[in-house]
Amino acid sequence: GGAGVVGATAGFALGRGAGSPGGSGGDGGPPRRDLDGANGPQTEPFYGTHQSGVETPPQAFAHFIAFTLGPGIKAAEAVRWLRLLTADAAALTQGQAPLADSESELAVDPARLTVTFGFGSELVSLAGKEHVPDWLKPLEAFSIDRLDRDRCKGDLLLQICGDDPLTLAHARRMLFKDSRSFAEVAWQRDGFRRAYGSAGEGKTQRNLFGQLDGTANPGPGSEDFARIIWGQATEAANPVFSARGEPPADLGAHLPVWMRGGTTLVLRDIAMNLDTWDQADRPAREFAVGRTMGTGAPLSGEDEFDDPDFTAVDQRGLTKISQVAHIARARDGLGPEVQIHRRTFNYETGAGGDSGLLFASFQADIERQFLPIQRRLAEVDLLNEWTTPIGSTVWAIPPGATEDGYVGQELFD
Ligand code: HEM
């Protein structure tokens with residue numbers, strides 16, 4: 001116990017000095033002086049107004065783990081569980097081993113580890129049914145859905161993200177061990193993006209269809225993000241807000257008081273059929289989304305970040321971006337508040353196995369932001385030819401914890 005913690009702290013301190021020469025290439029590969037330790041010691045904050053893992057630039061790997069409350073768990077036990085998870089998540093994200101960690105060396109390279117808590121309605125109602133917001137329930141059924149009921153449940157979600165899969169596996173096991181006497185695992189899904197260092201910093205990731213995915217997202221740190229995801233009215237209007245006009249300042253109005261500083265998460269598990277996608281040629285693929293495969297530019301423009309022009313026509317007088325293309329359906333004609341932050345991770349289970357997207361969508365207001373988009377996409381979207389929602393959950397993302405508190409304290413105190 002105690003010795004492990006001390007050892008871990010020392011290890012972490014060493015890790016910080018990893019710029020020193022002598023990367024040993026322990027796997028038998030050549031020494032990699034430049035990269036040695038570059039990733040490991042990096043930390044994301046745990047405590048704060050907001051939880052990390054929402055506005056945090058997406059890490060390379062994600063584990064989503066959903067728990068169902070064990071029988072007879074009441075508010076007092078739930079608080080004990082949340083305190084335990086909070087303390088251990090806080091330590092792990094800072095590269096420190098929790099007290100009960102018997103593999104404490106595995107905690108020393110946090111590699112931007114974040115642990116984000118999501119609450120389901122059962123957990124919230126332990127504090128009193130009146131605290132359950134009306135939107136915290138399964139989404140309405142969509143005609144495109146082929147949902148596996150086992151992937152649509154859960155009372156507590158942990159979204160564990162990081163740039164190192166070993167650190168991540170260790171964090172997941174520690175948080176799982178904390179949970180054993182309070183809850184059962186309902187389901188788990190693992191996802192990935194580009195590894196740290198493979199692509200340039202800040203580059204848009206590609207999904208398994210090969211598309212640039214995440215271009216039209218409100219950027220972390222922007223005023224768009226504060227309003228659209230945290231539902232915060234910002235003091236000064238932003239003159240260069242976005243081409244879509246300013247969303248109203250009250251998008252957070254549907255967040256109960258205990259959630260101020262928090263947001264909502266819709267997590268859809270969407271299967272992608274790579275075999276039928278292989279049969280679509282490049283023009284068909286670009287037509288379906290409304291963007292080019294190479295640069296991700298809208299079919300009306302040149303550059304990835306050009307604003308799509310849904311009225312631009314070609315020589316035959318047809319719109320360059322089809323009205324039934326994915327980006328036209330997801331944006332054209334919808335108000336400036338109808339925006340979401342997509343923090344997606346790819347998944348695949350091996351050759352010939354399942355592939356898809358863990359589609360994590362953060363927004364202040366599900367009814368005003370997520371649902372108008374999802375309803376339109378379910379109605380018509382060329383991309384539906386190759387994609388099928390198979391899992392769906394909705395989560396309240398509480399605010400971040402204070403240093404002497406725990407995630408969810410505003411709800412249970
Ligand atoms: C944009 C792929 C599901 C909402 C895009 C883009 C791609 C893409 C390639 C264009 C680049 C970008 O801006 O990121 C996919 C795939 C999906 C999927 C492969 C399923 C496997 C969804 C779902 C929603 C959604 C379920 C919402 C309910 C959006 C939005 C945009 C977008 C809002 C930005 C539109 C804009 O403002 O330009 N998606 N998407 N997508 N997608 Fe999806």
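This structure is a prediction, so every number in the text was calculated from the model and none was measured.
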Query - side-chain contact (heavy atoms from CB on, under 4.5 Å) between Arg343 and Cys161, intermediate numbers included - result: CA-CA 11 Å; Arg343 200 173 189 275; Cys161 300; 3.5 Å; yes
Requested in this report: Carefully, step by step, assess Phe310 and Ser300 under the rule side-chain contact (heavy atoms from CB on, under 4.5 Å).
Outcome: CA-CA 7 Å; Phe310 296 105; Ser300 59; over 6 Å; no
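- Looking only at side-chain heavy atoms (C-beta outward), Asp307 and Asp309 stay at 4.5 Å or farther from each other.
- Asp148 places none of its side-chain heavy atoms less than 4.5 Å from the side chain of Trp187.
- Residues Asn346 and Leu357 form a side-chain contact, since some pair of their non-hydrogen atoms from C-beta on lies under 4.5 Å apart.
- In this structure, Phe305 and Thr215 have side chains that are in contact, with non-hydrogen atoms separated by less than 4.5 Å.
- More than 12 heavy atoms of other shown residues, nucleotides or ligands fall within 6.0 angstrom of atom CZ in Arg83.
- Annotation: side chain of Gln159 is not in contact with side chain of Gln51 (no heavy-atom distance under 4.5 Å).
- Counted by atom type alone, Glu77 and Ser181 present zero donor-acceptor pairs between their side chains at under 3.5 Å.
- Between Glu385 and Arg285, no side-chain nitrogen of the basic residue sits less than 4.0 Å from a carboxylate oxygen of the acidic one, so the salt-bridge criterion is not met.
- At a threshold of 4.5 Å between non-hydrogen side-chain atoms, the residues Val407 and Leu85 do not count as touching.
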**Report entry** Step-by-step salt bridge (charged side-chain N to carboxylate O under 4.0 Å, His left out) determination, Glu379 to Arg329
**Finding:** CA-CA 9 Å; Glu379 202 176 77; Arg329 295 297 294 165; 3.0 Å; yes
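- Under a cutoff of 6.0 Å and an axis angle of 45°, Arg112 and Tyr196 do not form a cation-pi pair.
- Put simply, the side chain of Tyr347 reaches to within 4.5 Å of the side chain of Asp269, judged on heavy atoms.
- Between Asp145 and Arg268, at least one side-chain nitrogen of the basic residue sits less than 4.0 Å from a carboxylate oxygen of the acidic one, meeting the salt-bridge criterion.
- For the 3.5 Å distance criterion, the side chains of Asp365 and Gln369 fail to qualify, holding no donor opposite an acceptor.
- By the 4.5 Å heavy-atom criterion applied to side chains, Trp135 and Leu255 are counted as neighbours.
- Annotation for Glu55 and Trp230: closest pair OE1-NE1, 2.7 Å, computed over non-hydrogen atoms.
- Under 4.0 Å is where a charged nitrogen must lie from a carboxylate oxygen, and between Asp213 and Arg193 no such pair does.
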